[in-house]
Amino acid sequence: MFKTTVAAVAAAVLLSPAAFAEGGKMVTLSHDYDAALVSSDTGASVLLAELERAAKRTCTSRIPGTGGQYMDAACADALLVAAVKQIHETHTAAGL
């Protein structure tokens, strides 16, 4: 199941549907990656970790005044799920 799900992550460019970050700001995730990574479980794990980091980075905002950062976990989760779904749909349509 894991390899099948991550096999969907083999598209050349990922543009997931928008999610909401802090304050209702719409965000999208675009991530370039090597499609060869999904040919193995190890590569798929690496790619999934890259997507997680990219989603968290996209949904992180600076807190004014304190200089700290806030990561909206719901936003990051929504981007990651949408990205995997989109890639899965792309590969299903292509017969891969």
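Fair warning: this is a prediction, and the values are worked out from it, not measured in the lab.
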Contact summary for Ala76 and Cys59, nearest pair of heavy atoms: N-SG, 3.3 Å

Nearest heavy atoms of Ala55 and Leu80, plus distance in Å: CB-N, 4.3 Å

Results of side chain to side chain donor-acceptor pair (under 3.5 Å) for Glu52 - residues two or more places apart only: none

Minimum side-chain heavy-atom gap Ile63-Gln69 below 4.5 Å: no

Hey, could you give me the [atom1]/[atom2] distance between [X] and [Y], rounded to the nearest 0.5 Å?
{"X": "Thr58", "Y": "Leu51", "atom1": "OG1", "atom2": "CG", "answer": "10.5 Å"}
{"X": "Lys56", "Y": "Asp77", "atom1": "NZ", "atom2": "CG", "answer": "8.0 Å"}
{"X": "Leu79", "Y": "Asp72", "atom1": "CG", "atom2": "CG", "answer": "9.5 Å"}

